[in-house]
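Numbering starts at 1 and runs along the sequence shown. Source: prediction; values computed, not measured.
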Amino acid sequence: MEPLAPVWRETILAPQRAGATTTAHLVLENGGAATWRSRGEEGLQLSYHWLDTRGNAIVWDGTRTPFCRPVAPGERIALDVRLDAPRPPGRYVLRFDLVEEHRFWLSEVGVEPHDVEVDVAPLIADRRLAVVVHGGSDPRTERALAAQDEAVVVDQASATAHLVAGAEPAPDWARLVLDAHAEGWRAVGPALVPSGGALERRRAARTLHSWAPGGRNPRLGAPLLLPSLVDGLTPDEHRGLPAYEGEGLFEGRAVVRLPTRSGRRRT
């Protein structure tokens with residue numbers, strides 16, 4: 001008899017959405033000759049990998065779930081596993097595996113893992129974006145929102161963007177923000193460029209250099225300003241602007257023209 005041989009008896013998964021966290025329920029039987037033991041964050045742990053349909057690893061180190069008690073040969077144990085879905089949406093193979101922490105994965109030494117094919121849906125169910133304009137209405141902001149190429153609604157939306165009076169999002173802003181949410185990002189921040197006279201723009205550009213247009217960056221090192229947020233997330237404030245400091249994506253291609261402080265109402 002092999003010393004380590006998990007028998008996968010039951011697997012229950014919730015529907016998976018890109019970037020979202022759910023709980024999976026698994027029942028395992030110890031079909032080997034050695035007792036399973038976790039030692040806090042050490043010892044034997046249950047974990048998982050996300051693979052594409054060709055077997056390439058997309059996420060290798062899944063969340064660890066320790067065994068709450070020793071599991072002797074022949075015994076079964078039920079575990080609730082925190083499951084973080086990958087980005088972007090698509091079809092994946094979810095591979096449950098055991099790991100002897102800091103030593104080896106059991107699948108690497110010939111022990112059979114447990115594979116489940118999973119369709120991961122977009123994080124947002126529909127492409128509608130609510131907008132809150134902090135500081136009141138402004139004709140510049142209203143005109144810019146009217147020119148968006150995606151639906152922008154007041155309520156009942158999948159995500160809410162937080163702007164300030166006078167901010168002018170570029171025509172493709174809503175589309176790019178919704179693309180990022182669908183991909184699995186709960187918080188998305190745009191690039192900011194100053195408006196106003198030449199001198200005002202130069203001064204403001206130095207202040208806003210961290211949020212200058214460019215590529216996408218999931219590790220900006222600064223709060224997301226004028227963020228779009230899903231799942232009940234709420235903004236804080238940074239430099240007098242709505243901001244979000246948790247995990248999120250800086251979408252440097254989605255540009256919002258920001259009025260300089262001298263021409264902006266207080267938020």
* With sequence neighbours excluded, tell me which residues meet ring-ring contact (aromatic ring centres under 6.0 Å, His included) with His114. => Trp8

For residues 143-152, please give each side-chain donor-acceptor pair under 3.5 Å, one per line with the distance, not counting sequence neighbours.
from: Gln148; atom 1: OE1; to: Ala174; atom 2: N; distance (Å): 2.9
from: Gln148; atom 1: NE2; to: Ala144; atom 2: O; distance (Å): 3.1
from: Gln148; atom 1: NE2; to: Ala170; atom 2: O; distance (Å): 3.0
from: Glu150; atom 1: OE2; to: Arg127; atom 2: NE; distance (Å): 3.3
from: Glu150; atom 1: OE2; to: Arg127; atom 2: NH2; distance (Å): 3.1

* Asked: Is a side-chain donor or acceptor of Asp138 paired with a backbone partner of Glu142 at a separation under 3.5 angstrom?
  -> no

* Taking everything shown except Arg219 itself, do over 12 heavy atoms lie less than 6.0 Å from its CZ? -> no

* To do: Could you tell me whether Glu108 atom CD has more than 12 heavy atoms of other residues or ligands within 6.0 Å of it?
  => yes

* Interatomic distance, Glu183 atom CD to Glu251 atom CD [nearest 0.5 angstrom] -> 8.5 Å

* Asked: Who pairs with Pro171 by side-chain contact (heavy atoms from CB on, under 4.5 Å), at least two apart in sequence or on another chain?
  -> none

* Would you please name every residue forming a side-chain contact (heavy atoms from CB on, under 4.5 Å) with Arg37, sequence neighbours left out? => Thr35, Pro70

* Asked: Are the side chains of Leu225 and Pro242 in touch, meaning some heavy atoms are under 4.5 Å apart?
  -> no

* Pairs touching residues 57-89 that satisfy ring-ring contact (aromatic ring centres under 6.0 Å, His included), sequence neighbours left out -> Trp36-Phe67, His49-Trp60, Trp60-Trp105

* Structure fact -> Applying side-chain contact (heavy atoms from CB on, under 4.5 Å) to Ala78 and not counting sequence neighbours gives His25, Val27

* **Non-hydrogen atoms of Leu249 and Pro218 that approach each other most closely** => CD1-N, 3.9 Å

* Asked: Considering residues at least two apart in sequence or located in another chain, which fulfil the ring-ring contact (aromatic ring centres under 6.0 Å, His included) criterion with His181?
  -> none

* Asked: Quick check: does any side chain N or O of Ser47 sit under 3.5 Å from a backbone N or O of Leu98, one acting as donor and the other as acceptor?
  -> no

* If a pair satisfies side-chain hydrogen bond (donor to acceptor under 3.5 Å, both in side chains) and one of its residues is in residues 65-78, list it, with sequence neighbours excluded. => Glu29-Arg76, Arg69-Glu75

* Asked: Is a donor on one side and an acceptor on the other found under 3.5 Å between the side chain of Thr141 and the backbone of Ala167?
  -> yes

* **Residue list, side-chain contact (heavy atoms from CB on, under 4.5 Å) with Val118, at least two apart or on another chain** => Leu13, Gln16, Trp50, Leu94, Val116, Val120

* Structure fact -> Using a 4.5 Å side-chain heavy-atom cut-off and chaining through intermediate ILVMFWY residues, the residues clustered with Val93 come out as Leu51

* **Atom pair CD (Glu245) and CD (Glu237), whose distance is rounded to the nearest 0.5 Å** => 11.5 Å

* Say whether Asp84 and Thr21, considering side chains only, have a donor N or O and an acceptor N or O under 3.5 Å apart. => yes

* Does the pair Arg64/Glu41 count as a salt bridge with the N-to-O cut at 4.0 Å? -> no

* To do: Classify the side-chain pair Ser107/Asp97 by whether it contains a donor and acceptor separated by less than 3.5 Å.
  => yes

* **Set of salt bridge (Lys or Arg N to Asp or Glu O under 4.0 Å) partners for Asp52, sequence neighbours left out** => none

* To do: Would you please name every residue forming a ring-ring contact (aromatic ring centres under 6.0 Å, His included) with Trp185, sequence neighbours left out?
  => none

